[in-house]
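All residue numbers in this chain count up from 1 along the given sequence.
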Amino acid sequence: MSSTAIIAQGITIARMGTTAFETIPNVVSFQGPGGQAQVIDVTNLSSTAKEKRMGLRDEGSLSLTLHFDPDNAVHDGLRTDRANRTRQQFRITFTDTIPTVWTFYGYVTQFSVQGGVDAVVEASVTIEIDGDITEA
């Protein structure tokens, strides 16, 4: 199979295996992480205008679309993580001059497969991020 644009660009998304990170193969697109912080209204009766505080940051989720290979151990690992509700470590490596690496923990909350006539069988994967994203 030819290289996807993401791999050709040098971006890798990996899942922690038994002893080391293993690149998730055949990723054709991704979205996230991207989160938000909750805004807490702390206005009281003596306030003269709305008063707010920032809540905890929520890093959101990472969504992947990949060409599904049921024989691939990493794809199988993602399915197993979802089935077992396993908290797993993930890593995204970007392609700057000195590569930026984001590392985080998350749960696979979705793994669905779709296909059709004259279509590649794809899987949609959603990873809900748990905690901070570490950037190195």
S124 versus Q110, side-chain donor and acceptor atoms under 3.5 Å:
no
Side chains of V108 and V125: does their closest heavy-atom pair fall under 4.5 Å?
yes
Any non-hydrogen side-chain atom of P70 less than 4.5 Å from a side-chain atom of V113?
no
Count I, L, V, M, F, W, Y as connected when their side-chain heavy atoms are under 4.5 Å apart, and connections chain through other members. Are F21 and F90 then in the same cluster?
no
Heavy-atom distance under 4.5 Å between the side chains of F68 and R79, does that happen here?
yes
Going by side chain to side chain donor-acceptor pair (under 3.5 Å), name the residues that satisfy it together with T80, two or more places apart in sequence or in a different chain.
none
Between V101 and I11, is there shared hydrophobic-cluster membership here, with clusters defined by ILVMFWY side-chain heavy atoms closer than 4.5 Å?
no
Give the minimum heavy-atom separation between D132 and R57, together with the two atoms involved.
OD1-NH2, 2.8 Å
CZ-CG distance between R15 and L78, expressed to the nearest 0.5 angstrom:
6.0 Å
For the atom pair CD (E122) and CG (L64), what is the distance rounded to the nearest 0.5 Å?
12.0 Å
Separation between CD1 of I40 and CE of M54, rounded to the nearest 0.5 Å:
8.5 Å
T43 side chain to E51 main-chain N or O, any donor-acceptor pair under 3.5 Å?
yes
Identify the heavy atoms of S61 and E128 that sit nearest to each other, and give their distance.
CB-OE1, 3.6 Å
How long is the gap from CG on D41 to NZ on K50, to the nearest 0.5 Å?
3.5 Å
Are Y105 and I13 joined in one hydrophobic group, where the rule is that I, L, V, M, F, W and Y side chains link up if heavy atoms are under 4.5 Å apart?
no
When clusters are formed by joining ILVMFWY residues with side-chain heavy atoms under 4.5 Å apart, either directly or through shared neighbours, do F30 and I133 land in the same one?
yes
Is there a path from M16 to W102 through hydrophobic residues (I, L, V, M, F, W, Y) whose side chains come within less than 4.5 Å of each other?
no
Backbone N or O of D69 within a donor-acceptor pair of the H75 side chain at under 3.5 Å?
yes
At their closest point, which heavy atom of G55 faces which heavy atom of A37, and how far apart are they?
O-CB, 4.0 Å
What is the minimum heavy-atom distance between T126 and S63, and which atoms define it?
OG1-OG, 4.1 Å
Could you tell me whether the side chain of Q89 reaches within less than 4.5 Å of the side chain of T103, counting heavy atoms only?
yes
Working to the nearest 0.5 angstrom, can you tell me the gap between D76 CG and D81 CG?
9.5 Å
Just to verify, what does T134 make a side chain to side chain donor-acceptor pair (under 3.5 Å) with, not counting sequence neighbours?
none
So, for V27 and L66, which heavy atoms are closest and what is the spacing to 0.1 Å?
CA-CB, 3.9 Å
With rounding to the nearest 0.5 angstrom, report the CD to OG1 distance, E22 to T12.
13.0 Å
Closest heavy-atom pair and its distance - L62, F104:
CD2-CZ, 3.9 Å
